[in-house]
Structures are given as C-alpha cells and as structure tokens.
2 protein chains.
Amino acid sequence: MSVASKAISNKRAAVIKALAHPSRLLIAESLMKGEQCVCDLKDLVGADMSTVSKHLTLMREAGVLNCEKRGLNIYYSLACDCLGEFLRCVDKLATGGTKTKRCC
Amino acid sequence: MSVASKAISNKRAAVIKALAHPSRLLIAESLMKGEQCVCDLKDLVGADMSTVSKHLTLMREAGVLNCEKRGLNIYYSLACDCLGEFLRCVDKLATGGTKTKRCC
DNA sequence: ACATTACTTGGTCATTTAGCCAAATAGATT
DNA sequence: AATCTATTTGGCTAAATGACCAAGTAATGT
C-alpha cells in the first residue's frame, strides 16, 4: 500500500471508529432528529459529562459532528445526513441470520 | 436505556468496530470483489498471518464475514452486499470539507 | 507414517481507550 | 466583581486492542 492510500485508509477508519462505540452510536442516532447540547446528550447516555464531552470531541475531530456555541451551551449536530444509510447496512449485518459459526 | 436496547446498541457497535481498523477496512473492500483466502489477505494487508487471522475471526464473529474451508484454504467473503453504501457515507464524512475546527 | 502447507490459538507486551474525579475556562446573571 | 452554569482539559487507572512469535491443528501430498 502506498503512503497516500494508507493515509486515506486511516482517515476512513477514524470516521468509522468515531461511531464504533455504544454511547457514540446512541449520540449519533439521537442527533439525526436535530442538534442537541452536551447536557441533553449526557442525560441520553447516562455517563459523566466529561466522558460525554470526550466522546463528542472525538467525533468532531473525525469529521462526524459539527458544533456551535450559543450562550452557555454548545450544540452538536451531524456533519452529514448519510447516517441513515450507514445504519441501514449496520443493522442488516447486526441482525443477519445465517452466520458462519466456524469452519475450522 | 433498557437492557434490550443496550444489547442492540452493543451488537451494532460490534459490527462497526469490526470495520473500524485500516487493515480490516482494506480486507472488507477487497472482499467486495469476491471471496479470498487468508494468504491472499495476508499479502494485501502485509502483516503477520496470525494477525490477519485474528482480524478475520473478529469480523466473522461480528457477522460481517462468512468463511468456508475448501481443501487447505479458508475462503472469507462478505456477509452482506451493503458495504458499498456504508463506505459511501464514510467517504463523504472522511473527505467532508467544512468541519468545525473548534467552538470553544 | 511423515512432511508440508494453510490457518488458528495462546502467550506476551506496548499502546490505546474509556471511565471518573478534580481543576480550568467562558459566557450569563446578580 | 462575584457567582453560577455549561463545558472542556488534565490526570489517573483499569481494561481492551493490536502486533509479533511460537506452538498447535487439519487437510494434502509423498
């Protein structure tokens, strides 16, 4: 693999990784309905505010979320409306019936 | 969150996690062209065979891959043909221009 | 039966991740 | 200016991940 395509591969993996955690997935799904501030998301996830904040920073740095400060609150929103089709595929895989248990 | 929806959330996250690594992403993309055996994928990834094998096991257990043994070789294939739309969204996010650098 | 080939499994180690708490910052309110 | 509220940052620790090597297994060829 070339250096360039390795960089692309890493960037893609970072985006996917930003969604590869139950709490972050929950956050992403909730934001499909519209922007929310950190304390809303903290209630949703049920973890320490600092923990949630770190998840959000990670997602923003990966390019998955945008944020905007208004007054005391910081509102996070999805950077792309394609999450639906992303999740459609994930659910297909997550609920897929005929898995190969083993072959060896 | 209920216990049931937490379980679903974890399952989804496991599927996403199975794709959230440069080597595993590379493997998934390569398998879009058709099944391949472990040594092919080892050459593709360029890591130790045992490392690749562990990646493949993880992906299979998450439900992303199927495998079938024929002779000495084990052939891995994608469990779902929806990877294309999945990656379309990932690329949109990975290459997205207007990212919020910071807001605080 | 013995060697070979293709994989997997177990062990170990370094790195990353995820959680919490305490402290810092920034805007709003008094 | 002092305080309150919302959020981030730093520090710490426990747990998970990813890589390699060495050893084990299973089908094939001799």
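A quick note: this is a predicted structure, and the numbers were derived from the prediction, not measured. Computation of the quantities below employed the complete heavy-atom set of this structure, encompassing side-chain atoms and omitting hydrogens, waters and symmetry-equivalent molecules. Proteins get letters first, then strands, A, B, ... in listed order; numbering begins at 1 in each.
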Do any side-chain nitrogens or oxygens of A:Asn73 fall under 4.0 Å of OP1 or OP2 in D:dT5? no

Of A:Thr51 and A:Lys17, the one whose closest nucleotide on DNA chain D sits nearer the 5' end is A:Thr51

Would you say A:Arg24 reaches C:dA18's phosphate, i.e. side-chain N/O to OP1/OP2 under 4.0 Å? yes

Does any N or O in the side chain of B:Arg24 come within less than 3.5 Å of the main-chain N or O of B:Ala18, such that one atom is a donor and the other an acceptor? yes

Using a cut-off of less than 4.0 Å, is there contact between a side-chain N or O of A:His55 and OP1 or OP2 of C:dG19? yes

How do A:Val38 and B:Ser23 order along DNA chain D: which one's closest nucleotide is nearer the 5' end? A:Val38

Can you find a donor-acceptor pair, distance only, under 3.5 Å between A:Lys54 side chain and D:dG11 base? yes

Rounded distance in Å - CD1 (A:Ile27) to C1' (C:dA18): 13 Å

In whole angstrom, give the distance that lies between atom CD of A:Glu61 and atom P of C:dT17. 12 Å

Would a distance-only check, ignoring hydrogens and angles, find a side-chain to backbone donor-acceptor pair under 3.5 Å from B:Asn73 to B:Tyr75? no

Find the distance B:His21:NE2 to D:dT17:P and express it as a whole number of Å. 11 Å

Is A:Ser50 side chain donor-acceptor paired with the C:dC21 base, going by distance under 3.5 Å alone? yes

Whole angstrom value for the distance that separates P of D:dA26 from CG of B:Leu72: 13 Å

Whole angstroms only, please: what is the CE-P distance between B:Met49 and C:dT8? 8 Å

Taking the side chain from A:Lys92 and the backbone from B:Asp81, do they hold a donor-acceptor pair closer than 3.5 Å? no

In terms of side-chain geometry, is the basic nitrogen of B:Arg12 or A:Glu29 positioned less than 4.0 Å from the acidic oxygen of its partner? yes

For A:Leu58 and D:dT9, give me the distance from atom CG to atom P, rounded to whole Å. 13 Å

Roughly, in whole Å, what's the span from CD in B:Glu68 to P in C:dA6? 18 Å

Given A:Val38, A:Leu41, A:Asp43, the one that forms side chain to side chain contact (heavy atoms under 4.5 Å, CB included) with A:Met49: A:Val38

Using a cut-off of strictly less than 4.0 Å, decide whether B:Tyr76 has a side-chain nitrogen or oxygen near OP1 or OP2 of C:dT8. yes

Here the distance between atom P of C:dT5 and atom NZ of B:Lys69, to the nearest Å, is 16 Å

